[in-house]
Every structure is written in C-alpha cells, then in structure tokens.
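See structure below.
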Number of protein chains: 2
Amino acid sequence: MERKNFQRWSQDERRQSLLEATLACVAEQGLEGATARQIAQRADVTAGLIRHYFGSKEKMVQAAYELLIGELTHAAKCAAEADGGEPQAQLARFVVANVTPPNLSAGKVSLWATFIGRVRTDPGYAAVHRDSYREFLVALEALIHPVLVAHDRKATPACCSRYAIALNALIDGLWLEGSLDHGLYDVGTLPTIALAAAEGILGLPADSLAGAISTTDNRS
Amino acid sequence: MERKNFQRWSQDERRQSLLEATLACVAEQGLEGATARQIAQRADVTAGLIRHYFGSKEKMVQAAYELLIGELTHAAKCAAEADGGEPQAQLARFVVANVTPPNLSAGKVSLWATFIGRVRTDPGYAAVHRDSYREFLVALEALIHPVLVAHDRKATPACCSRYAIALNALIDGLWLEGSLDHGLYDVGTLPTIALAAAEGILGLPADSLAGAISTTDNRS
DNA sequence: CTCACTGTTATACCGTCGTATAATAAATAC
DNA sequence: GTATTTATTATACGACGGTATAACAGTGAG
C-alpha cells in the first residue's frame, strides 16, 4: 500500500489549519457530526495529528471556539476604530459592522449558537463566553459615553452600562436573525433598522448616528 | 434475569414523556451527548421505544424542537393577552414576559441555541425556526400598531414591520444573555432595561410602557 | 378465566467514535 | 552522503452509537 506523501508544516500553520477545519465541520454538521476523522480529512491530514497538536479532540474544539469569538469581536472593534472621526461615526460603524458581512454570516452564527448551547454546562465554554461578552460590553460603553456627552446628555457609568446592555442585545438579535437569512425580509435594510433603533435606545435625535456615516452609504 | 416491571401508558403520555426527556438531555449535554440510551433511561423506558414511537432518534429530536419553540412563543403570547388592558400594557407585558422566568431560563436558551446551530444546514430545523420567528414578528406588529396610534404616531405597515424587527432583536438579545446568567449584572434589572429600550426604539415618551404595568411592579 | 393484541423489554449487530501505538518519511545537522 | 529527529501516517483496539429483532408482559374483550 502506498503511503501518503506529506509535507511538514510549521506548528502554527498546522494548528491554524486544524482549527479552521474544526470550525468548518462544526458549522456544517454540529458538534455531533464533527468527528475527528472528518476534521482531519478536511485539513488533509490523518486523525492522529489531533492528539499530537492538541492532546484531545475536545481541547481542539474549545480552542476553535476561542478563535471564532476572537475573530468576531476583533472585526467589530476594528471597524469602529477604523478611522477615528467623531464619536457618533465610530459608534455607528461599530453597530453597522455587526449587521453586515463578514460578521453577518450564516456559518458564524451557526458556530456561535452551537457553542452557546454548551455554555451552561461546560465551565470552559462559559469562561470564554463571559470574557467575550464583557469585552463587548466594555467596548460599547466606551463608544456610547462620548456620544452622550456630545449631545449634552446624562452619562453616568450606571447609565452607560444599561445602554450598553440594551444596545448589545439589539446588535446580537439583529446579527442572529439576519445571519440566519430566513428570507422574511431583506437583510440589506438591517443597518438602517439597527441605527434607527440605536438612536431610539440612546434617546438621540433621528439620524444622529445614521447621518454620521452617510458619506459612503448614501441611500436616502 | 428479572425483567423490569412496567406500565402501559397512553400514546400521548409516552410521547410527551420521551420528548421532555429528550429536551432535558440535549439541554445538559448537547446533541452529541444526548444518546438514545440516555434519553430512554431518563424517561424510564428502554431505547427501543424511541423507534416504536418516532421511527428514529433524529425524528424524535426534531419533534422535541418543535415542542420547545411552541412553548416559548405560547408563553409570551399568553402573557400579553392575559387581561386585555390598554395596548401599552399588553406590549409591556409581552416584553417583560420574555426577560423574566419562566421564559428567562438557562436550560431553554441552551436548547434554543443548540437547535439554532442546525438551522443553517438542516431544512427541517430551518422550517421550524422560520415559522416561529414569523409568528413572533406578527405578534409583535399586532401589539405595536395600537400603541403607535394611541400616541398619534405614524403607523404604516412598513413602519410597524421595522419596529417589530428591532424590538424582536432587543428581546432576543436580552433573553439570551440574561438567561445565560454570566453574573456580569443583575438579571432583575432586565425588565426595566427592556422597557426603557423599547420605548426608545418606538419613539414613545419615557415611562409610557413601564408606567402601564407599574401597579404590580412599582419600583420607581 | 382465557386469549389475543401490542406496548415494552432485552439483546444482538454492525458501524463509527476517540485515541493509543508503531512504522515511516520529511527535514535538518554534520 | 549519512545519521538523527520528529512530524506524520497507518493501523488496531475498546467503547459506544443507533436500531433491528425476538421474547415477554400488561391490558382489555369475550
């Protein structure tokens, strides 16, 4: 029998490749269908490498979850800080980034949901979720505060915290249903809906967020 | 060997019992950990009954998903229609019902997320999700419309639809993070946050929703 | 009380799971 | 070139998955 020809990759490349294959398999077939053999096949290696690089399949899956969450929050934060601009524009870009591709993605929401299902009973997943959620809230509060002061609005920490919780929920919900793309409405309208709702939640005048980034996306 | 003593139940009771056992197992261990043998043990029967009543394990799991979704939407709708009252009170009760027990539940959100993870690639789950989401949106629109007219606000169908999408996202997000109960804030404040945000999204005066149901929950 | 019906149990089967182990070959050092 | 290292493959093993089948027992009809 012919033994397969192979190439030695760097440890980082191999780990990354395996993690991406893991996410791809979990997204398509859930945690139950993502078997060690399938993941290995997708990464074009044999299943033994999983043990070699991660010790066990379970550890690899958890590492893949951390990778996914990191990518999601990183993309949103980058969009906000992209090019400074006024506070309203930064917050608006942050919101919009979460309801447009690449964050708006059926594959990513499938992954996210699958992992969320394990948060309740698996401490490892719970820790990753809590940390990422906190990071998201903190980022939102930091974006909200300057917007409030720019509008001469009360901006106590408690106040910003409540706004961040509500805004995060709005973003999560729109991202979720939009990504699933059930065809009940046009996902292209999500940025408009999201910004209008965000203005309402924060008690800002109409278009104070949408107007701050309308240069690129003029659609009135 | 002693054969187990058993009792013949009605078909409905047996099916219901198996479906509840399925949900319990999936909530605790995910789809991968919820094996036919474990589910059967939890329902205090042997695994063969799954085939007898549902044909296969997969069909039973899907039926359990439908049961869960039905319970969730039914509970929220009942809370709204509980005792008529003015439109603001009905909408407020609907919102609050989704961010308080029994809908606010770590087990239910775990289940919901686990199943959502399969919506993308499994047509059966996708259909159940789309139908339930549409039902939720329609219910919200029906609750929103009379509130808008009561406040002499524009209430076109398109307008109500956008409001419903945003409000649904807010509710989903708060329900989700609140149920996971990561300890980052007190879930007891969720109704207040939810109602204030809902007022903002709909452009209603402050306390127009919260005030409508403050008789039982006076906390100002 | 007896019998037939069928809900339910017990068991066996085959496939696949995760992973441990040994053989192999690609890369590196000299 | 040769030796050495170790990343990678190939294979085997025990456990467990879903489910098909046959035996059993609770239930109601006569």
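For clarity, every value in this text was computed on a predicted model and none was experimentally measured. Numbered from 1 within each chain, the chains take letters A, B, ... in sequence-line order.
- Base contact: B:T46 has a heavy atom under 4.0 Å from a base atom.
- Minimum heavy-atom separation, A:I193 to B:A166: CG2-CB, 4.0 Å.
- Between A:L49 atom CG and D:dT6 atom P the separation is 16 Å, expressed in whole Å.
- Spacing between atom CD of B:E32 and atom C1' of D:dG17 amounts to 13 Å, rounded to whole angstrom units.
- In this structure, B:R14 fails the cation-pi test against B:Y53, since its NZ or CZ atom is not both closer than 6.0 Å to the six-membered ring centre and inside 45 degrees of the ring normal.
- Two residues, B:R8 and A:Y53, neighbour DNA chain D, and the one matched to the more 5' nucleotide by heavy-atom proximity is A:Y53.
- In this structure, the NZ atom of A:K4 is 14 Å from the C1' atom of C:dA26, given to the nearest Å.
- Separating the CD atom of A:Q29 from the P atom of C:dT16 is a distance of 13 Å, rounded to the nearest angstrom.
- Nearest-nucleotide positions on DNA chain C place A:Q38 closer to the 5' end than the other of A:G55 and A:Q38.
- The separation between B:R3 atom CZ and C:dT11 atom P is 8 Å, rounded to whole Å.
- Here C:dT8 presents its P atom at 12 Å from CZ of B:F54, a figure rounded to the nearest Å.
- Listed nucleotides D:dC13, D:dG17, C:dT9 differ in distance to A:R37; the shortest reach to its side chain belongs to D:dC13.
- A tilted orientation is assigned to the rings of B:Y125 and B:Y65, their planes being inclined by 30° to 60°.
- The side chain of A:H52 sits closest to D:dT8 out of D:dT9, D:dT8, D:dG17.
- Residue-to-nucleotide proximity on DNA chain D shows that, of B:S56 and B:Q7, the 5′-proximal contact is made by B:S56.
- Counting heavy atoms from C-beta on, the side chains of B:I50 and B:K59 never come closer than 4.5 Å.
- Within the nucleic acid shown, A:R14 comes within 4.0 Å of sugar-phosphate atoms alone, with no base atom in reach, counting heavy atoms only.
- If you measure from atom NZ of B:K57 to atom P of C:dG15, you get 19 Å, rounded to the nearest angstrom.
- Under the side chain to side chain contact (heavy atoms under 4.5 Å, CB included) test applied with A:L190, the options A:V96, A:L104, A:V95 reduce to a single match, A:L104.
- If you check every strand for non-hydrogen atoms under 4.0 Å, A:F6 touches sugar and phosphate atoms only.
- If you measure from atom CD1 of A:I50 to atom C1' of D:dT8, you get 13 Å, rounded to the nearest angstrom.
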